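Order of listing sets the numbers, starting from 1, for every ligand and every atom in it. Here, residue 1 is the first one in the sequence, and each next residue gets the next number. What you are looking at is a predicted structure, and each value in this text was computed from that prediction instead of being measured.
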Amino acid sequence: MITVMKFGGTSVGSPEALRRAAKIITDGKGSKVIVVSAMSGITNFLVKGADGSHEDRNGLIEEFERKHVDVACQLFEGKQLDEFMKDFGERMDKFRELFSDEAASKDPYYRDNIISQGERFSSLILGHVLRAAGVRSVALTSEDCGIYAEGRPLSGSADLQKTESVMNIKVKPYIDDGVIPVITGFYGIKNDGHPLTFGRGGSDYSAAVVANAMNADLLEIWTDVDGFMSADPRIVPDAIKIEEMNFGEAAELAYFGARVLHPRTIEPVRIKHIPLKVRNSFKPEEPGTIIHHLRKPRDDMLRSVAMKTDLSIIAISSAEIAFHPEMVARIIEKIADNEVVIYSISTSLSTVAFLVHSNDVKSIFAKLNTLDPGDIERIEVKNDMALVCAVGDNLLSKCGVSAEIFTAVKEARANVEMISEGASDVSLNFVVPMSRVTDVVRILHGKYAGGIR
Ligand code: ADP
Ligand code: ASP
Ligand code: MG
């Protein structure tokens, strides 16, 4: 039995957390492969450095070094510390080189390289913690493993087939030999060997990719909450833990904003029928949430609700556009040119409206401007929008459920700007102004979550 265990930033973010993670790993049964995030706060720190907003590079490098050495000094002493510092020094040399490499800084993927550095150090520390505990382990980077990725800077997708064949050669022998690999999350490498990150929070996806490649029996995502909950507990403090979900439900919620899982985590495990558990590294005794193919149907109206903010609606009007599907196709082609994600589409006789991330509006406009001016009468943009995604067993099958949901929206004094129902068989999505979205989520959750029918 192979279990892939992923530890998030807070779960490796301090000496205590690292010791707890090591205990969870050694307590687990069967073969294990570990995937780690950077220690909490480190990726944000590197993002600032990559943006050049950090006062000076040497200061950044020193602070980065100090943050890791502080943790190491609390974990290791004597020979263990010496061994760690030797490996650490080698990595630090490469880290320094990266910041002084003028040519590399011109590469469009340079930021991927900078912001993925934290994982190289957290994996090294956890590998040494395991070794200090007498466990055979090896810290491996995505380069060492052959986790291949393709796509635009900062939003890579894994090449699952290539990753599987290379990892079988480079990583499987360790597992067969009883050595625990501790692998960097968050990024893969392009065919030219350069790092490409999977988007913020991407270590969950890395872990799913590793589980897929190693044909694991189970993927465990160890984080700082008891499991997948009925809402983000930071927004809805009385959110409850969900015991069991199916892949479709979890995928929709993750895609539409439930940060507990990176939006793309489900697919690599779903296609290999690998169950996934979300567990709390601060409370290993809690069973967490199991996500798999089937689950017992329940009668809850609402199982979980997620929200995604910073969205914009782009409404494009043209006379009788509904009778000109070729024009709609041309517009979509322009938007697709930018590889942007379209969260929802809605049409009427003369308008087609797209829901996109606000960061993408500028580039979409530039592309739309290249359309024939005769094609488009007007383009309107509504910013500061948020999408609410409600998942539940009865959402689409039971008469009147939508009416009840929109009653809750009315109570939150929010205007519904866009609705998408029927596109998925498990969720109902709608758009409200960002200023009202937390109220909508709280009221909706308060009325209908957790067994209220
Ligand atoms: P990690 O660093 O372990 O990857 P993240 O911060 O990325 O952790 O994800 C865990 C956080 O996700 C929780 O602390 C919680 O605030 C947030 N979250 C959002 N939606 C949900 C949900 N439905 N269930 C549980 N946690 C959620
Ligand atoms: N360290 C990366 C981030 O903060 C990836 C992750 O934690 O999943 O986005
Ligand atoms: Mg995360």
Side-chain angles (χ1 to χ4, degrees), residues 5-14 17 20-21 24 35-48 50 111-112 114-123 142 154-156 183-188 195-210 219-243 245 249-265 277-283 286 288-289 291 302-309 388-391 427 438 441 444-445 449-450:
M5 307 168 96
K6 177 258 170 177
F7 292 88
T10 44
S11 304
V12 293
S14 65
R20 224 173 3 245
I24 291 168
V35 175
V36 283
S37 294
M39 297 194 316
S40 51
I42 292 290
T43 310
N44 286 345
F45 176 78
L46 291 168
V47 166
K48 271 201 251 155
R111 293 183 87 228
D112 291 272
I114 298 276
I115 70 170
S116 65
Q117 291 293 318
E119 274 70 10
R120 296 162 205 263
F121 290 85
S122 58
S123 57
S142 303
L154 309 179
S155 68
I183 302 175
T184 50
F186 189 31
Y187 74 99
L196 169 55
T197 51
F198 295 130
R200 291 306 304 270
S203 299
D204 302 324
Y205 177 58
S206 297
V209 170
V210 168
L219 168 61
E220 289 181 343
I221 302 284
W222 289 88
T223 182
D224 58 1
V225 277
D226 285 350
F228 210 119
M229 319 224 6
S230 53
D232 184 344
R234 287 180 210 205
I235 289 167
V236 182
D238 58 354
I240 49 170
K241 193 202 77 181
I242 299 167
E243 274 166 26
M245 301 178 95
E249 294 168 325
E252 292 283 331
L253 287 159
Y255 179 58
F256 290 119
R259 185 164 55 103
V260 64
L261 291 180
H262 178 275
R264 308 199 49 194
T265 310
K277 282 185 182 173
V278 179
R279 301 194 59 181
N280 191 343
S281 71
F282 296 80
K283 291 193 229 162
E286 289 284 334
T289 299
I291 301 169
L302 188 69
R303 306 199 80 225
S304 189
V305 53
M307 59 183 237
K308 194 163 190 75
T309 55
V388 178
C389 169
V391 159
S427 75
T438 45
V441 168
L444 197 56
H445 185 274

Q. If only atom types and distance count, is the side chain of Ser155 paired as donor or acceptor with the main-chain N or O of Gly199 below 3.5 Å?
A. no
Can you find an N or O of Thr223 that's nearer than 3.5 Å to an N or O of ligand 1? yes
For Arg200, the atoms of ligand 2 under 4.0 Å from one of its heavy atoms are 3 (C), 4 (O), 9 (O)
Got a donor-acceptor contact below 3.5 angstrom from the Asp112 side chain to the Thr197 backbone?
yes
In this structure, atom 15 (C) of ligand 1 is nearest to the protein heavy atom Asp232 OD1, 3.3 Å
Of Val260, Val391, Thr10, the one whose closest heavy atom lies nearest atom 27 (C) of ligand 1 is Val260
Nearest non-hydrogen protein atom to atom 7 (O) of ligand 2, with distance, is Ser37 OG, 3.1 Å
| request: Give yes or no for whether the N/O distance cutoff of 3.5 Å, strictly under, is met between Met229 and ligand 1. | output: yes
Check your understanding: Based purely on interatomic distance, does Phe228 place a nitrogen or oxygen under 3.5 Å from a nitrogen or oxygen of ligand 1?
Key -> no
for atom 6 (C) of ligand 2, nearest protein heavy atom and its distance come out as Ser203 OG, 3.3 Å
**Prompt:** Near Glu243 CD, under 6.0 Å, is it more than 12 heavy atoms from other residues, nucleotides or ligands?
**Reply:** no
Nearest non-hydrogen protein atom to atom 2 (O) of ligand 1, with distance, is Gly9 N, 3.2 Å
Practice prompt. Evaluate the side-chain proximity of Arg200 to Phe186: yes if any heavy-atom separation is below 4.5 Å, no if none is.
Written response: yes
* To do: Could you tell me if any non-hydrogen atom of Gly9 lies under 4.0 Å from any atom of ligand 2?
  => no
- Query: Glu119: heavy atom below 4.0 Å from ligand 2, yes or no?
  - Reply: yes
- Item | Any Gly201 heavy atom less than 4.0 Å to ligand 2 | yes
Quick one: does any side-chain atom of Ser230 pair with a main-chain N or O of Ile240 as donor and acceptor, under 3.5 Å?
yes
Practice prompt. Flag the pair Met229 / Thr289 as yes when at least one side-chain heavy-atom distance between them is below 4.5 Å, and no otherwise.
Written response: no
For Pro233, the ligand 1 atoms with a heavy-atom partner under 4.0 Å come out as 26 (N), 27 (C)
**Message:** So does Ser37 get a backbone contact from the side chain of Ser122, meaning a donor-acceptor N/O pair under 3.5 Å?
**Reply:** yes
Tightest non-hydrogen contact, residues Ala231 and Ser304, listed as N-OG, 4.0 Å
Under 4.0 Å between heavy atoms, the region of Lys6 that gets near ligand 1 turns out to be side chain
* Asked: Strictly by modelled atom types, are Ser40 and Thr10 linked by a side-chain donor-acceptor pair under 3.5 Å?
  -> no
Quick check: does Asp224 get an N/O under 3.5 Å from an N/O on ligand 1?
yes
Query raised in the report: With a 4.0 Å cut-off on heavy atoms, does Ala239 reach ligand 1?
Result: no
In ligand 1, the atoms that come under 4.0 Å of a heavy atom of Gly227 are 24 (N), 25 (C)
If you scan protein heavy atoms around atom 5 (P) of ligand 1, the nearest is Arg259 NH1, 3.8 Å
Flag the pair Asp224 and Arg234 as a salt bridge only when some basic side-chain nitrogen lies within less than 4.0 angstrom of an acidic carboxylate oxygen.
yes
How are the rings of Tyr205 and His262 set to each other: parallel, tilted or perpendicular (split at 30° and 60°)?
parallel
